[in-house]
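Remarks on the structure that follows.
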There are 2 protein chains.
Amino acid sequence: MAHGYEMLESPAVPSAGRTEHREPAITRQNVTPRAMDADEPWMRGLHADTGYLLYRLGLRSGQLFNTFLQESGLRLRHYAVLRFLATSEGALQRELSARLGYDPSAIVGLVDDLEKQGFAERRPAPDDRRSRIVVLTESGRAFLRDTDEAGQRVTGELVGPLDAAERESLHALLLKIAADGLN
Amino acid sequence: MAHGYEMLESPAVPSAGRTEHREPAITRQNVTPRAMDADEPWMRGLHADTGYLLYRLGLRSGQLFNTFLQESGLRLRHYAVLRFLATSEGALQRELSARLGYDPSAIVGLVDDLEKQGFAERRPAPDDRRSRIVVLTESGRAFLRDTDEAGQRVTGELVGPLDAAERESLHALLLKIAADGLN
DNA sequence: CAACAACTATTGACGTCAACAATTATTGCT
DNA sequence: AGCAATAATTGTTGACGTCAATAGTTGTTG
């Protein structure tokens, strides 16, 4: 404990109302506006929860990434597929689904979009005619090359206030907790 | 069935000098299913991106929290509002919106739900009849007290593979990058 | 070898959720 | 008094996850 998280939450409303106000309106008794014995553990700020922080920053990260990709007509999920294909030299859609955690039905649309943009291609699997193998096209590779730097800038912006050592430390920690759940 | 995991490569690319890459000069029918000159920076695994890891873990965190809250009929966002109210002794909806990062229109529904459950109440603001002040009810406080332990268990489950020192370190790092964007 | 179970990609329906625009009531300014 | 700004609210739209159903294909098994 003993973190300086209080900085994130401001003390309610200053309410510098100068005007003399009227009737107190509601006077039900089930609400107690009194400042109850503070410092109870259950009333700590939101940012005291690592889980909530992760949730929050995850949203921000996704937003940043999406606005960065927006000009290319893709979204984060497409980018994830591309990046996955870049390391795997072709994958069954079923694999994409399992590894990236998206529903099989979602993969369909994603690969459709990537094919429309010419970044990926569906090929018939030689041994199983049910399956399709998705591979990067040359222009897909080019896209990854060209946007790589900008993508890293986005991440850089996200972890802005951290120095190099801290970034590495954070990355290692995240990797550690990402490793157990297959993700 | 399990393919080799590519994710556990060395953490965080030091991102040394950007070595210039050569063009394979493939002008034919794109796509080379062959293992191309690997180790190019742009084809590192997805988990090499801190931003993507954050996005991914944020999703997981949200899911865990939601399944934990599911029995009480609330979701993460409701819980966030409650926790915020617990620290601020009443807040304008506008403040909730600004502090929690939710759209004003979202606050409406959230407070509606909380009122239905009897955990919060809308009160007319004394100085401005446009505003409503949202306060915790007594049973709202009770709810927070009762669910606090379980909530911390959820976070504990999330950061499972980390020891105490690492958890604290992670929390501090997240806090640091959460601080800049108001969030 | 013929019937059946399992599997891959796909489509469709439904509910949730977040981001925007528009509306109503109210306030502050001049 | 008039007018821009503001707080809460409604409505709409698009993205997204889940789940059920289907067509084509494979493997198994009786």
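Within every chain, numbering begins at 1; the chains are lettered A, B, ... in the order of the sequence lines, protein sequences first and strands thereafter. Source: prediction; values computed, not measured.
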From the list dT9(D), dT10(C), dA15(D), which nucleotide is the closest neighbour of the side chain of Arg75(A)?
-> dA15(D)

To the nearest 0.5 Å, tell me how far Leu57(A) CG sits from Arg60(A) CZ.
-> 5.5 Å

What integer distance in Å separates Ile107(A):CD1 from dC7(C):C1'?
-> 16 Å

Ignoring backbone atoms, test whether Arg122(B) places a side-chain nitrogen or oxygen under 4.0 Å from the OP1 or OP2 oxygen of dT9(D).
-> yes

Heavy atoms under 4.0 Å, any strand shown: does Asp128(B) hit a base, just sugar-phosphate, or nothing?
-> sugar-phosphate

Of all the nucleotides listed (dA8(D), dT9(D), dT10(C)), which has the minimum atom distance to the side chain of Pro104(B)?
-> dT9(D)

Starting from C1' on dA9(C), measure out to CG on Leu114(A) and report it in whole angstrom.
-> 16 Å

For the residue pair Leu69(B) and Ser72(B), establish whether any side-chain heavy-atom pair is separated by less than 4.5 Å.
-> yes

Phosphate contact (dT27(C) OP1 or OP2) by Arg129(B) side-chain N/O below 4.0 Å = yes

Think Arg99(A) forms a cation-pi with Phe84(A), using NZ or CZ under 6.0 Å from the six-ring centre and within 45 degrees of its axis?
-> no

Answer yes or no: does a side-chain N or O of Arg130(B) lie under 4.0 Å from OP1 or OP2 of dA8(D)?
-> no

Please work out if Gln63(B) contacts a base, only the sugar-phosphate, or nothing of the nucleic acid, heavy-atom cut-off 4.0 Å.
-> nothing

In whole angstrom, give the distance that lies between atom CG of Leu110(A) and atom P of dA9(C).
-> 14 Å

At under 4.0 Å between heavy atoms, what does Ser105(B) touch on the DNA or RNA strands: base, sugar-phosphate, or nothing?
-> base

Evaluate the criterion side-chain contact (heavy atoms from CB on, under 4.5 Å) for residue pair Val81(B) and His78(B); output intermediate values, then yes/no.
-> CA-CA 5 Å; Val81(B) 172; His78(B) 301 100; 5.7 Å; no

